[in-house]
Every structure is written in C-alpha cells, then in structure tokens.
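A quick write-up on the structure given underneath.
Convention: sequence-line order gives letters A, B, ...; per-chain numbering from 1.
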Amino acid sequence: MTQISLNGAAHSLTDGSTVADLVHTVTGRPINPDGRPADGGRLGVAVALNAGIVPRSLWAATPLSMNDDVEIVTAVQGG
Amino acid sequence: MTTTTTPVSDPLVIDGVPLGSRLIMGTGGAPSLDGLGAALVASGTELTTVAMRRYSTPTAGTAGAVNLFDLLLEKNIRVLPNTAGCFTAREAVMTAELAREALETDWVKLEVIADEHTLLPDAVELVDATEQLVNRGFKVFAYTNDDPVLALRLEQLGAAAVMPLGAPIGTGLGILNPHNIGLIVARASVPVVLDAGIGTASDAALAMELGCDAVLLATAVTRAQDPVRMAEAFKHAVIGGRLAARAGRIPKREHALASSAMEGRPDL
C-alpha cells in the first residue's frame with residue numbers, strides 16, 4: 001500500500017494508483033483518460049500534488065508515491 | 001415567472017461577456033442549497049461567486065442538486081470563483097489556478113485579506129496578486145478598498161473589473177463613503193462593481209445611482225429572514241438605481257420650487 005496525505009488526512013492507496021484513480025475513489029465518478037468524468041458531466045474539482053497543480057489531462061499519467069501530499073478542491077458556498 | 005427584466009439593450013459587459021443582470025450574487029451564508037437556489041433564481045443573477053475548498057463527499061439522499069457546482073450548472077448561472085481566505089498574493093494565485101482548473105473559467109474574484117478581524121483588503125498583496133494573475137491570463141475582478149487611487153492602479157495593472165467595498169464584508173453597513181465610490185466610478189474605464197457591506201435594497205440602489213455598473217452581495221440575501229423575497233427586492237433595486245442613474249436626477253436645491261404654476265390661480 002502507498003500512504004499519502006489527502007486533504008490533510010492519512011489515506012492508503014493500492015500501489016501504482018494514479019491521480020485519476022484517486023479522483024475516481026473520492027468523487028465516486030469514473031474518470032476518462034482525458035480527465036473528464038465518464039458520465040459526460042462536469043466534475044468541478046482540481047488536484048494539487050505536493051503544492052503543484054496537476055491538470056486533468058495528466059491525471060491518468062500521474063502516479064502517486066509514498067508520502068505524497070494531495071489536495072482535491074471544489075467549489076463551495078462563498079461570497 | 002419573473003415580473004421585471006433588465007432591458008436587453010443595457011447588459012453589463014465584462015471581458016466581452018454580456019450579462020443580463022447587474023446583480024452579482026455570492027453564495028456564502030445560505031443554510032441550505034435548496035434555499036440558495038431559490039434565492040439565486042429570484043435575484044435574476046447570471047453570475048455568482050463560489051469559494052474553493054477541500055472536496056468532501058456530498059451527503060447521500062439529498063433531493064435535487066447535491067453540490068453547489070451542479071446547482072449553478074443546473075440554473076445556468078456563470079460561476080465566479082473567489083480567493084476568499086487568502087492572506088498573501090502567493091496563496092491567492094494558487095487558489096485562482098485551482099479554480100481555473102476545477103471550474104474551467106479564467107475569471108476570478110481576487111480577495112486578499114489583511115486580517116480576520118476587519119476582512120479588509122491588503123493593498124500591497126492585492127496589487128502584487130493582480131499583476132501576477134493578469135500575467136497568467138486571468139480576468140481579475142479585484143476586490144478593493146474604497147480608495148480611488150488604488151482602484152485606478154488595479155485597472156492600470158489589467159484588472160477586468162474593480163470591486164470597491166461599501167463597508168467591511170458582512171457588516172450590512174451600506175456605503176460608508178459614497179464620495180469615494182463616485183470618484184472611483186468617474187475615473188474608471190473598466191466596470192465598477194460595488195462589493196461588500198450591502199445591507200438592504202436601498203444600499204444597492206444607491207450604488208447604482210452613484211454610477212456603479214453592478215452590485216455584488218451575499219449575506220444581505222442569504223442571512224435575511226426571507227432570502228427569496230430579499231433577493232427579489234435587490235433585483236428591483238439594482239434595476240431602479242441603474243435607471244435613475246441614466247435618467248439624470250434633478251439638482252439638489254436649498255429652497256422649495258413649486259411644481260404647480262401660480263399663473264391662472266383663481267382669486268379665492
């Protein structure tokens with residue numbers, strides 16, 4: 001297992017997991033290789049890996065490693 | 001059904017995009033998504049702010065839209081992500097980049113706050129962040145103090161709109177310095193959006209009468225006792241204020257001026 005930090009909390013992944021796999025797990029929506037949800041809708045999330053943004057087009061090609069720091073963000077209520 | 005619509009001949013144009021409503025809504029403070037959706041529809045808004053925060057799994061079994069992004073998509077309201085909670089230019093730029101990636105818009109409401117007590121913009125960080133974001137291709141809606149000098153600086157740095165505060169965020173104190181807002185409007189060549197401090201409909205009407213191009217508010221609606229009714233009030237206030245501003249008000253006078261002629265008055 002690969003241990004990472006996800007949104008500030010410890011999280012375990014199967015070895016070899018990619019950012020796309022993690023986004024699928026977290027949102028419950030399968031992700032196409034281009035980073036868009038397979039259901040055809042819009043996902044509305046962004047991913048930062050070790051304080052750098054990973055564009056959705058690279059999610060499937062970005063493996064996660066031990067102790068990676070991942071933030072997944074979305075739109076919430078705000079002024 | 002709506003009872004009043006903004007004349008289509010008078011859209012608010014920002015970054016080349018025409019918006020039919022001059023009321024920009026925030027979404028903070030609403031107790032439920034359903035209530036928020038109803039208030040947004042009642043307001044007639046076509047542009048609404050959101051904050052960027054860590055993803056949390058939506059609660060299962062909720063009727064209708066389960067998250068804010070879906071709600072705005074469903075209502076066909078354009079999204080304006082903000083950088084609320086950022087204290088430095090570095091944080092604000094990172095938040096804007098996340099928002100652009102997540103929401104697929106290069107519009108950003110730039111908020112760089114000095115401290116949690118006043119929530120007033122930090123002018124130095126704001127200028128720095130505006131410059132960086134413009135260079136990165138963002139359309140910056142700069143939330144700023146009611147300072148005519150700073151507002152002009154932000155425009156010169158490439159801000160797509162300047163958004164001076166009426167009063168500190170969430171206070172509902174209205175427009176504390178109408179003279180400065182008037183000065184900002186008089187010198188700006190980008191849209192001026194009165195942002196923050198609005199308490200009730202007359203505050204929004206005043207902003208428009210002062211020549212602002214739009215009004216942005218959240219708390220005044222979301223925390224009103226009847227948010228839907230207040231949202232509708234703001235819709236009308238913004239339209240009324242805009243019409244009044246363009247109609248050319250009468251000058252103020254020291255003494256009364258009869259509107260009925262004395263000529264032809266019967267000798268009683």
From A:Ile72 atom CD1 to B:Leu98 atom CG, the distance as rounded to the nearest 0.5 Å: 11.5 Å
A:Arg42 side chain reached by B:Leu73 side chain, heavy atoms, under 4.5 Å: yes
Interface moiety of B:Ala102 toward chain A, non-hydrogen atoms closer than 4.5 Å: both
Contacting moiety of A:Leu43, where chain B heavy atoms sit under 4.5 Å: backbone
Value rounded to 0.5 Å, distance of OH in B:Tyr55 from CG in A:Asn7: 10.5 Å
Lys/Arg N to Asp/Glu carboxylate O, B:Glu104 vs A:Arg36, below 4.0 Å: yes
Under 4.5 Å from a heavy atom of chain A, the part of B:Ala84 involved: neither
Heavy atoms from other residues, nucleotides or ligands near CG of B:Asn76 exceed 12 (cutoff 6.0 Å): no
Check: B:Glu101 side chain, A:Arg56 main-chain N or O, donor-acceptor pair, under 3.5 Å: yes
Largest heavy-atom contact set with chain A, pairs under 4.5 Å, which of B:Pro81, B:Ala51, B:Ala218, B:Gly170: B:Ala51
Over all atoms of both residues, closest heavy-atom pair of B:Met94 and A:Ala48: CE-CB, 4.1 Å
Residue among A:Gly8, A:Gly41, A:Gly28 with most heavy-atom pairs under 4.5 Å to chain B: A:Gly8
B:Ile169 portion near chain A, given a 4.5 angstrom heavy-atom threshold: neither
Toward chain A, the part of B:Leu216 with a non-hydrogen atom under 4.5 Å: side chain
Residue from B:Thr48, B:Leu33, B:Val50 passing side-chain contact (heavy atoms from CB on, under 4.5 Å) with A:Gln77: B:Leu33
Reported CD1-to-CD distance for the pair A:Ile53 and B:Glu97, which is rounded to 0.5 angstrom: 5.0 Å
Under 3.5 Å donor-acceptor, A:Thr74 side chain and B:Arg53 backbone: no
